[in-house]
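Here is the structure we will look at, set down as structure tokens.
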Amino acid sequence: MLILVAVTITVALNSGLFGTARKAAYQTEVTGIQEQLEVAKVAKVADNGGEEPSDYGITINDLPISDDLKSKYGTKLVISKNGTLYYDPAVVTDEEERGWLEEIGINEYTGETVGVFEKYILGENLEGRLISEIIDMRSQTPVFIDDEKTPDVDETQTLGVKGLIVGSNGDNTKGYVFAEYEDIAYKFEIDMTTMKTANLVEAYTKEGREGKDLGAETGDSQYNGWTIIYDHGNGIVEAVSPDVMKEEETTGLTLGTGDETAQTPGDVDGNGTPNENIDKAIYSYNNAITRINNYCKNLDGLPTNIGVRSVGAATDPIPNLEGNNAYNGIPGEWSTNTYNGKGKIGDESWTEDLLRISYFDKNAMIDSEYWVASRIVGAHSSYVYFTVANVSSDGLFNGDSLWNVYSSNTNYNSPSRAVRPIITVQIP
């Protein structure tokens with residue numbers, strides 16, 4: 001009997017049954033660790049205001065896994081600053097074990113490398129640089145200047161970095177700069193108090209048909225000049241118009257006090273007198289995203305499509321005026337503090353469209369300003385402005401103020417701009 005058992009075990013070992021089971025168990029454990037890491041990364045992004053941190057700062061011991069797994073893999077596995085799981089080649093020396101890890105996408109850790117581009121944007125210690133050291137502030141578009149302070153960078157070059165577009169977050173406390181380096185678009189922040197750079201992240205890499213002319217892709221001349229900026233797969237693409245559009249014999253879409261849909265809004269500001277100009281301006285501002293998108297949809301001369309929207313937000317990112325959607329930053333000591341909660345907060349919905357448009361050099365084709373379906377609120381010591389975003393004729397991201405609140409009074413405006421539609425098309 002003992003001889004038969006020994007023979008059976010030998011056959012199992014030789015046939016690889018035990019090895020296969022051990023491999024499966026090993027890979028299952030590591031995959032479980034990898035899944036917990038992804039959950040932890042999501043939490044880190046949420047804690048960072050929705051932005052990917054430059055250093056996740058996660059270790060194996062931080063993950064909600066058993067002590068046995070922490071003991072078994074704590075020295076074998078490494079989590080990099082950008083949240084990628086690797087194995088440590090100094091610890092994992094067995095070739096079979098390395099193969100198991102690499103089969104499930106866990107590769108050899110070679111150390112955190114800080115490239116010359118990161119140093120150029122964030123400084124030698126990655127603690128941020130003054131924006132004036134790397135961008136020519138006299139230029140209206142982000143032009144990167146010759147660098148003299150970054151090691152390994154020749155003082156007569158700028159690494160070939162191409163500025164794309166500069167904008168801000170919804171409350172204008174952070175500036176955003178998008179730049180292209182070696183065919184990848186990056187985003188970094190500017191602290192509006194210190195004017196230093198921070199949080200450099202990869203923002204966009206071209207995929208599929210993106211950047212191609214829709215007319216050439218479909219063989220249909222009605223789409224000539226429309227540039228594909230999103231390829232969703234299965235033949236569904238979104239393309240941006242080659243030029244601005246507006247109704248004939250008009251200056252474009254008027255917002256603010258002259259908005260034709262805002263003439264009888266009621267007593268929006270709650271002062272007892274309905275339909276004043278300030279009521280019209282606030283109403284137009286709060287409904288601007290829907291207004292811009294609807295204007296685009298109703299334009300004559302659009303190509304055949306299955307969906308039309310404006311550059312900016314596909315839908316209103318803050319559809320209701322309540323809770324966290326209302327701006328409440330007007331100082332309490334101002335007599336105009338009654339306007340707290342009357343206007344919507346700003347948003348960052350402009351970023352994805354304008355990043356892709358500027359990446360494909362399509363701003364240069366535009367010779368007039370157009371609305372961007374996004375809002376920005378800016379607070380200063382003496383006033384607060386409520387704006388709808390636009391892009392100028394030279395590709396600069398701006399905002400048109402529809403209404404402003406000062407310490408003792410308000411004012412309002414009625415700007416008109418063209419629009420720039422984005423259409424959705426199913427390519428056969």
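What you see below is based on every heavy atom in this structure, not just the backbone, and it leaves out hydrogens, waters and symmetry mates. Predicted, not measured: the structure shown is a model, and the values here were computed from it.
Checked by atom type and distance alone, the side chain of Arg309 never pairs as donor or acceptor with a backbone atom of Thr424 at under 3.5 Å. For Gln27 (side chain) and Trp100 (main-chain N/O), a donor-acceptor pair under 3.5 Å exists by modelled atom type. Looking only at distances, no side-chain donor or acceptor of Ser374 sits under 3.5 Å from a matching main-chain atom of Ala389. Between the side chain of Asp347 and the backbone N or O of Ser349 there is at least one donor-acceptor pair closer than 3.5 Å. With Gln222 contributing its side chain and Thr304 its backbone, the two residues share a donor-acceptor pair below 3.5 Å. Looking at Thr28, its side chain does come within 3.5 Å of a backbone N or O of Ala24 through a donor-acceptor pair. For the pair Asp267 (side chain) and Asn275 (backbone), a donor-acceptor distance under 3.5 Å is absent. Under a 3.5 Å cut-off, the side chain of Asn199 and the backbone N or O of Glu52 do not form any donor-acceptor pair. Checking side-chain atoms of Asn293 against main-chain N and O of Ser310 turns up a donor-acceptor pair under 3.5 Å.
The structure places CD1 of Ile106 at 7.0 Å from CG of Leu77, a figure rounded to the nearest 0.5 Å. Here the CG atom belonging to Asp213 is positioned 8.0 Å from the CD1 atom belonging to Ile228, to the nearest 0.5 angstrom. Rounded to the nearest 0.5 Å, atoms CG (Asn277) and CD1 (Ile282) are 11.0 Å apart.
In this structure Glu38 satisfies the salt bridge (charged side-chain N to carboxylate O under 4.0 Å, His left out) test together with Lys41, sequence neighbours excluded. In terms of the salt bridge (charged side-chain N to carboxylate O under 4.0 Å, His left out) criterion, residue partners of Lys174 (sequence neighbours excluded) are, by chain and number, Glu189. By the salt bridge (charged side-chain N to carboxylate O under 4.0 Å, His left out) test, Glu352 pairs with Arg356, sequence neighbours left out.
Between Tyr285 and Phe386, the ring planes are perpendicular. Angles over 60° get that label, and only those under 30° would be called parallel. Relative orientation of the Trp350 and Tyr176 rings is tilted, given thresholds of 30° and 60° on the angle between their planes. Note on ring orientation: taking the six-membered ring where Trp is involved, the planes of Tyr204 and Phe360 are perpendicular (angle over 60°, cut-offs 30° and 60°).
Counted within 6.0 Å of CG on Asn324, heavy atoms from surrounding residues, nucleotides or ligands total 12 or fewer; the atom is thus considered open. Counting non-hydrogen atoms of other residues, nucleotides and ligands closer than 6.0 Å to CG of Asp47 gives a total above 12. With a 6.0 Å radius and a threshold of 12 heavy atoms from other residues, nucleotides or ligands, Tyr412 has its OH atom at or below the threshold.
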Stepwise side chain to side chain donor-acceptor pair (under 3.5 Å) test for Glu97 and Tyr26: CA-CA 9 Å; Glu97 189 175 2; Tyr26 185 98; 2.5 Å; yes

Check against side-chain contact (heavy atoms from CB on, under 4.5 Å), Arg417 and Tyr370: CA-CA 5 Å; Arg417 297 281 179 262; Tyr370 61 92; 5.6 Å; no

Audit row: Asp353, Arg420, salt bridge (Lys or Arg N to Asp or Glu O under 4.0 Å) steps and yes/no: CA-CA 11 Å; Asp353 286 345; Arg420 197 168 184 196; over 6 Å; no

Step-by-step side chain to side chain donor-acceptor pair (under 3.5 Å) determination, Asn82 to Ser80: CA-CA 5 Å; Asn82 69 357; Ser80 68; 2.4 Å; yes

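Between Ser414 and Thr254 the shortest side-chain heavy-atom distance falls below 4.5 Å. Contact check for Val419 versus Leu299: side-chain heavy atoms found under the 4.5 Å cut-off. Between Ser358 and Phe178 the shortest side-chain heavy-atom distance does not fall below 4.5 Å. You'll find the side chain of Asp400 stays beyond 4.5 Å of the side chain of Leu255, heavy atoms only. Looking only at side-chain heavy atoms (C-beta outward), Glu207 and Asp231 stay at 4.5 Å or farther from each other. Residues Tyr223 and Asn305 fail the side-chain proximity criterion, which asks for heavy atoms closer than 4.5 Å. Within the 4.5 Å cutoff, the side chain of Val384 has no heavy atoms near those of the Thr336 side chain. Looking at Lys212 and Val237, their side chains never come closer than 4.5 Å, going by heavy atoms from C-beta outward.
In summary, Asp279 and Lys342 do not engage in a salt bridge, as defined by a charged side-chain N under 4.0 Å from a carboxylate O. The pair Asp62-Lys44 does not count as a salt bridge, with every side-chain nitrogen at least 4.0 angstrom from each carboxylate oxygen.
Between Arg375 and the options Thr387, Asp316, Asn286, a side-chain hydrogen bond (donor to acceptor under 3.5 Å, both in side chains) holds for only Asp316.
Taking the ring centroids of Tyr120 and Tyr181, they lie at or beyond the 6.0 Å cut-off.
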